[in-house]
Amino acid sequence: MTRVALIAHDDEKPTMIDLVEEYEDVLATFDLVATGTTGQRITTETGLEVERKESGPVGGDTQIGAEVVEGEVDGVVFLQDPMTAQPHEPDIGALVRICDVHNVPLATCRPAGEYIIEGLARDAEATDQSA
């Protein structure tokens, strides 16, 4: 099953919820993992099942990075607030680097997140048809 990580900085959480609501039918077919507060908001506001890690500032980004290294994540949608410094910036940088090293697509804005979700859905559909 396709596994997608969903992460959003505080100012970007409403955008994440809008994205998830728009793609809810597709995301319902994926295995979802998210950092703590983002995952809680997604579950509360959409009813989708989400595996929640710790909050980003206390290690959630790193936990998701470990899953990327293990080959357990197919794509990451990380809606970042580019105008606000983050106290856990080294963790964010590490996650971005790990995604690059392991060729896992990572989106940092909504339009790129849409491309990742749509692309993974097409890949999953093609895999299902060839099976």
Do the side chains of [Y] and [X] get nearer than 4.5 Å, heavy atoms only?
{"X": "Asp11", "Y": "Thr84", "answer": "yes"}
{"X": "Glu125", "Y": "Asp123", "answer": "no"}
{"X": "Leu27", "Y": "Glu24", "answer": "no"}
{"X": "Tyr23", "Y": "Glu114", "answer": "yes"}

Heavy-atom pair of closest approach, residues [X] and [Y]:
{"X": "Thr38", "Y": "Leu6", "answer": "CG2-O, 3.9 Å"}
{"X": "Ala107", "Y": "Gly113", "answer": "CB-N, 3.3 Å"}
{"X": "Met16", "Y": "Ala8", "answer": "CB-CB, 3.9 Å"}
{"X": "Glu72", "Y": "Arg3", "answer": "O-CD, 2.9 Å"}

Ignoring hydrogens and geometry, is there a side-chain-to-backbone donor-acceptor pair from [X] to [Y] under 3.5 Å?
{"X": "Thr29", "Y": "Val26", "answer": "yes"}
{"X": "Asp81", "Y": "His9", "answer": "no"}
{"X": "Thr43", "Y": "Leu48", "answer": "yes"}
{"X": "Thr46", "Y": "Ile42", "answer": "yes"}

Single-linkage hydrophobic cluster, 4.5 Å side-chain cutoff, [X] and [Y] together:
{"X": "Ile64", "Y": "Phe78", "result": "yes"}
{"X": "Val76", "Y": "Leu120", "result": "no"}
{"X": "Val77", "Y": "Leu95", "result": "no"}
{"X": "Val4", "Y": "Val104", "result": "no"}
{"X": "Leu79", "Y": "Val50", "result": "yes"}

- Run the numbers on Arg52 and Gln63 for side chain to side chain contact (heavy atoms under 4.5 Å, CB included), then give the verdict. CA-CA 10 Å; Arg52 291 176 55 213; Gln63 288 177 304; over 6 Å; no
- CD of Glu67 to OG1 of Thr62, rounded to nearest 0.5 Å, is 12.0 Å
- Straight-line distance of Leu106 CG to Asp100 CG, nearest 0.5 Å: 7.5 Å
- Give every residue pair that meets the ring-ring contact (aromatic ring centres under 6.0 Å, His included) criterion with at least one member in residues 95-120, sequence neighbours excluded. none
- Message: Tell me whether Arg110 is salt-bridged to Glu12, with the criterion being a basic N under 4.0 Å from an acidic carboxylate O.
- Response: no
- Item | Worked verdict on Thr35 versus Ser55 for side chain to side chain contact (heavy atoms under 4.5 Å, CB included) | CA-CA 5 Å; Thr35 49; Ser55 177; 5.9 Å; no
- Task: Go through Ile17 and Leu19 one step at a time and tell me if the side chain to side chain contact (heavy atoms under 4.5 Å, CB included) criterion holds.
- Result: CA-CA 5 Å; Ile17 297 304; Leu19 175 67; over 6 Å; no
- Under 3.5 Å, is there a donor-acceptor pair linking the side chains of Lys13 and Thr37? no
- Item | CD/Glu49: more than 12 non-hydrogen atoms of other groups inside 6.0 Å | no
- Task: Could you walk me through whether Gln80 and Ile92 pass the side chain to side chain contact (heavy atoms under 4.5 Å, CB included) test, one step at a time?
- Result: CA-CA 9 Å; Gln80 297 184 43; Ile92 296 166; 3.9 Å; yes
